[in-house]
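A short write-up of the structure that comes next.
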Amino acid sequence: MNLNVELNSVARRYGRVKAVDGVSFSAAPGEVIALVGHNGAGKTTLIKLMLGLARPTAGSVAVLGQDPAAGDATVRRRLGYLPETVSFNPALTGRETLRFYVRLKGGRRDEEDALLERIGLAHAADRRIGTYSKGMRQRLGLAQAMIGTPAVLLLDEPTTGLDPELRQQFYAIVREMQAVGATVLLSSHALNELEGNASRVVILNDGRKIADGTLDELRHIARLPTRIRLKTVEGGAKRLREWMGEPAGLRQINGHIVELDATPEDKAAFLRRTAGEGAPFEDLEMVPPGLDELYAHFLSERASR
Amino acid sequence: MKTILLLSVKEVREGLRNRWVVAATGLLAALALTLTFLGSAPTGTVGAGALDVVVISLASLTIFIVPLIALLISHDAIVGEIERGTMTLLLSYPVRRRQVLFGKFMGHLAILAFATCVGYGLAAIALLVTGKAVGAGSWAAFMAMTASSVLLGAVFVAIGYLVSALVADRATAGGVAIGIWLVFVVLYDMALLGLLVADQGRAVSGGTLDALLLFNPTDAYRLFNLAGSGNIAAASGMAGTVQTAVLAPAALLAALAAWVVAPMALAALVFSRREL
């Protein structure tokens, strides 16, 4: 399988600070990979290494089979990038700005119009960027990253400052790009929104990779419990507890709600036992561990080592 | 080449939008017109050509103003874009850093050339309108003055880029640019004058003085314009210098050109090694 992005024990230090330290991962076409970590965990440095704006002090980086620091124009043309703080000259209009980038990348004629249409900025195309809202500027930033339908998209904190609706639109565009075979790498610290949007998650801390896998795989490794919450009629909690046989770790929230944390292997057995015919509950809710919990888990696991 | 052109056109467009072009042209035109009307009054009695006086006045004006404008538009060309985050975006495109630098240079030079030609051209036209007789030699001197003013601007644009490529933030770039302006426009000549007075012609030979003058682009520009042609040299009081100094106009222009090429080459080198 040919890989679009390949990092091999990449390290990058700035003076004595190790911004990135021995990170390896690869990305195939059609993958959406989320780089997750605190501020300063090394996400932006990794993206700069993939862009060739910074050179690794050790290890190797290959993007579309080439060393990005070599600055090969054919590779750059198939690369889209959205910086963390996207800023455009406020005196120019959206169309002028996008046209400049389309020409710079050798894109199709009038591609800017199609892109403006696609990201929903056509109505504001001839207004100065100074009059744009943060969300509109971010969308313009995404539009320039999409010029020429790139094979690799590097998006640095793409959804910060976007409202929920724009976030949905943004991930819809990411899925479109994924569907045509693009590799999308996006960094984020808004973890919950990655659920269902990222095919793989790479967790970074202090420049090191501490976890890498699909959300399900990470959940499996972390062995975090699933929270099961049962609801019964008012005052029926006692009867419910007796029915379940007073399992250890059961918490009574109030008169009609009880909660239990079930480990992955206990979960199925517990449900079979509890949810038999005649079980005295009205509703059952299962909350699998979210990315926030996973992230906290991997961080604490690292700290305790 | 197409990339460089694209970048320079963008630079010019931004200059037009944020009023740099208007401001620079307006400033140069206002000062040139003022000097023309003030300067044309005494010509009747002195016997110098009207345009010759304008050339002398404008050349002296250029030494102060053009380097200042050039440094103002160039000092944040690189560090400013890095700080705003637009440089990382630009460099993720199929663009080489050298192309970024030369594209910006062409754009800034175009702005400066436009401002100088229009500003000074207006002064010449005003002179014609008021009905002063102007000889062909004076026109040639005027043209040479305008063209060399653009060249002087190019020198300081290049120096501004070098500063911009070296320093860590925009504020520093501004401070260093002002310092450079002070050194080349004011302090260098004062120091040189002090040296000559203290030396009393013992150690500093004519050759050394020539070399020292070439080390400051504004001095090269001054000599080129004020000592260039006979009429102007006489009127500007530089005739004595012309006889002792052996610097030919070609050598002065070469010095100015070197002052463009060297800082540009250094700026390109520094910028290419800079990590973003």
Side-chain angles (χ1 to χ4, degrees), chain A residues 12-14 19 44-45 47-57 63 68-93 96-97 99-107 128-130 140-141 144-145 147-148 150 152-156, chain B residues 1-23 73 76-104 106-108 111 165 168-170 268-276:
Chain A
R12 168 73 222 188
R13 11 161 110 241
Y14 290 101
T44 299
T45 307
I47 288 181
K48 281 186 177 172
L49 285 164
M50 288 183 261
L51 282 170
L53 295 177
R55 285 166 200 269
T57 32
V63 174
D72 190 339
T74 51
V75 172
R76 290 266 158 96
R77 238 169 239 129
R78 300 178 59 206
L79 200 76
Y81 168 54
L82 175 63
E84 186 176 352
T85 46
V86 58
S87 77
F88 300 109
N89 190 316
L92 302 181
T93 69
E96 282 171 338
T97 302
R99 182 176 296 143
F100 167 73
Y101 286 116
V102 166
R103 295 223 176 124
L104 208 54
K105 217 169 185 174
R128 284 160 169 252
I129 293 172
L140 188 62
Q144 66 76 28
I147 295 168
V152 174
L153 266 173
L154 302 171
L155 312 172
D156 200 352
Chain B
M1 198 61 226
K2 192 186 147 226
T3 305
I4 294 178
L5 192 68
L6 211 56
L7 287 161
S8 53
V9 167
K10 180 165 190 266
E11 211 61 52
V12 171
R13 174 173 287 150
E14 289 181 0
L16 285 169
R17 281 298 155 78
N18 58 28
R19 314 260 191 278
W20 257 118
V21 177
V22 180
I73 57 177
D76 81 342
I78 295 168
V79 73
E81 288 227 25
I82 290 175
E83 239 172 62
R84 284 189 295 271
T86 41
M87 192 60 92
T88 45
L89 182 60
L90 189 59
L91 292 179
S92 76
Y93 277 77
V95 177
R96 300 207 164 266
R97 296 193 184 193
R98 253 179 304 143
Q99 294 175 315
V100 173
L101 199 67
F102 287 115
K104 280 180 173 292
M106 302 291 277
H108 283 154
I111 293 174
D169 57 86
R170 291 170 79 184
L269 186 70
V270 173
F271 183 38
S272 70
R273 301 202 168 169
R274 185 164 178 160
E275 286 230 354
L276 299 171

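Note that these values count all heavy atoms, side chains included, but never hydrogens, waters or copies made by symmetry. The sequence lines fix the lettering, A, B, ..., with proteins before strands; numbering per chain opens at 1.
- Interface remark: A:L104 contributes backbone and side-chain atoms alike to the contact with chain B (heavy atom separation under 4.5 Å).
- For A:Y14, the part lying near chain B is the side chain, with the backbone staying farther off; criterion is any non-hydrogen pair under 4.5 Å.
- Distance alone, capped at 3.5 Å, is enough to place a donor-acceptor pair between the A:R76 side chain and the B:L91 backbone.
- If you measure heavy-atom distances from B:L16 to chain A, you find no contacts under 4.5 Å at all.
- In summary, of the residues considered (A:R55, A:K48, A:R12), a side-chain hydrogen bond (donor to acceptor under 3.5 Å, both in side chains) with B:E275 occurs for A:R12 alone.
- Atom OG in B:S92 sits 13.0 Å away from atom CE in A:M50 (nearest 0.5 Å).
- Counting heavy-atom pairs closer than 4.5 Å to chain A, the top-ranked of the candidates B:L90, B:T88, B:L7, B:T3 is B:T88.
- Of all the heavy atoms in A:A70 and B:R96, the pair that sits closest is O-NH2, 4.0 Å.
- Proximity to chain B (any heavy atom under 4.5 Å) is shown, for A:Q144, by both the backbone and the side chain.
- Neither the backbone nor the side chain of A:L154 has a heavy atom closer than 4.5 Å to any heavy atom of chain B.
- Applying side chain to side chain contact (heavy atoms under 4.5 Å, CB included) to A:E96 and the options B:R13, B:E14, B:K10 leaves one that passes, B:R13.
- In terms of modelled atom types and a separation under 3.5 Å, the side chain of A:S87 and the main chain of B:R84 share a donor-acceptor contact.
- Considering all non-hydrogen atoms of both residues, A:L53 and B:R97 come closest at O-NH2, 4.1 Å.
- Within 6.0 Å of atom CZ in B:R98, 12 or fewer heavy atoms from other residues, nucleotides or ligands are found, so the atom counts as exposed in its surroundings.
- Contacts of B:R274 with chain A are absent, with no heavy-atom separation under 4.5 Å from either backbone or side chain.
- In this structure, A:F88 and B:L89 approach most closely via the heavy-atom pair CE2-CD2, 3.8 Å.
- Residue A:R128 qualifies as enclosed at atom CZ: its count of foreign heavy atoms under 6.0 Å is above 12.
- Of all the heavy atoms in B:R17 and A:T93, the pair that sits closest is NH1-N, 4.2 Å.
- Annotation: side chain of A:N89 is not in contact with side chain of B:T86 (no heavy-atom distance under 4.5 Å).
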